[in-house]
Amino acid sequence: MSDADIRVVEDPAAEVATLLEEAAAGGGHVVLTGGSSPRRAYELAAERNADWSSATAWFSDERCVPPGHPDSNVGMAQVALLARLSKPPRVNRMQGELDPDAAAGAYEAEVREALGGDPRWDLMLLGVGPDGHTASLFPGKPEVEEAARLVVGVPLAGMEPQVPRVSLTLPALNAARAVVFLVTGSGKADIVPRVFGTSPDRSLPSARVRPRFGSLTVILDEAAAAKL
Ligand code: 6PG
């Protein structure tokens, strides 16, 4: 693809920490994500301890577990970043303790109230799974085709942990002013060219994240970029 800014860097977490810090210091609406790759970026951003007090943190997706559970995305972000900041942002978390449809409905209402029906998030951080999923939009699942709602319940996850999920939809992801994918490790080498190569595979949800009015940046380490 030609319109993405693809960066293969030595320390992707440091690069993402800088982007998070800048967006937060500017009072942005910053969407955090889950998985293991962002944890180091969150920890580095926490060490820099910028003033996040005028920013708002949102989430791309959540696992339907309580916030203190080891699989919780907000739990991970709290431990790695949010609880460590001396000037934390407002945090709008998805309520993983509810059933997925109830949590999605509540989050949709929160998003619409704060940002309207076309939420121009300032920074949307995302990852890519080895199967091409992003947020909790898994290949072949009906939630990928959602065109009206901003947030959906996902009763069947396509990957571990096999718990229901709540996820922003493609229209919500693609409303961002800036989408940043963080993709690291050799386990992603096969999927990366299918998502970010010259002929993206449109059956993959991550290959359909193309912000309508915003920028797309892909930050990879050498291992993830090996086949690009
Ligand atoms: C989740 C995530 C998910 C993640 C990818 C990549 O809740 O699992 O939001 O979409 O970003 O699975 O995760 P890694 O970067 O850790 O491989």
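When a ligand or atom number is given, it counts from 1 through the structure's own listing order. Note that the coordinates shown come from a computational prediction; the quantities given were computed from them, not determined experimentally.
Closest protein heavy atom to atom 13 (O) of ligand 1: G35 CA, 3.8 Å. At the shortest separation from atom 6 (C) of ligand 1 among protein heavy atoms lies V128 O, 3.6 Å. Annotation: atom 8 (O) of ligand 1 to nearest protein heavy atom, R63 NH2, 2.9 Å. Closest to atom 15 (O) of ligand 1 among all protein heavy atoms lies S37 OG, 2.5 Å. For atom 10 (O) of ligand 1, the nearest non-hydrogen atom of the protein is A135 O, 2.6 Å.
Between P38 and V16, every side-chain heavy-atom pair lies at or beyond the 4.5 Å cut-off.
Taking any N or O of G34, backbone or side chain, at least one lies under 3.5 Å from an N or O belonging to ligand 1. Residue S36 places at least one N or O, backbone or side chain, under 3.5 Å from an N or O of ligand 1. Residue-to-ligand polar distances place H133 within reach of ligand 1: an N/O pair is separated by less than 3.5 Å. In terms of polar-atom proximity, defined here as any N/O pair under 3.5 Å, P38 makes no such contact with ligand 1.
Of the charged side-chain nitrogens involved, at least one lies within less than 4.0 Å of a carboxylate oxygen, so that D118 and R212 count as a salt-bridged pair. A salt bridge links E145 with R208: the closest approach of a Lys/Arg side-chain nitrogen to an acidic carboxylate oxygen falls below 4.0 angstrom.
Atoms of ligand 1 found under 4.0 Å from any heavy atom of T33 (numbered from 1 in listed order, with element): 9 (O), 11 (O). Listed by number with element, the atoms of ligand 1 under 4.0 angstrom from any heavy atom of G127 are 11 (O). The distance from ligand 1 to the heavy atoms of D61 drops below 4.0 Å at these ligand atoms: 1 (C), 2 (C), 7 (O), 9 (O).
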Could you walk me through whether F196 and F181 pass the ring-ring contact (aromatic ring centres under 6.0 Å, His included) test, one step at a time? CA-CA 10 Å; F196 303 114; F181 276 100; 5.1 Å; yes
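A ring pair (Phe, Tyr, Trp, His ring centres under 6.0 Å) with W121 is found for one member of F213, F59, W58 and no other, namely W58.
At a heavy-atom cutoff of 4.0 Å, ligand 1 is contacted by no atom of P130, backbone or side chain.
The option from K188, R39, E62, E160 that lies nearest to atom 17 (O) of ligand 1, judged by heavy atoms, is K188.
Here the closest heavy-atom approach between residue G34 and residue D61 is recorded as N-OD1, 4.2 Å.
The closest side-chain donor-acceptor pair between N49 and S86 falls under 3.5 angstrom. No side-chain donor-acceptor contact under 3.5 Å links S136 and S167.
In the displayed structure, Q162 atom CD is contacted under 6.0 Å by more than 12 heavy atoms of other residues, nucleotides or ligands.
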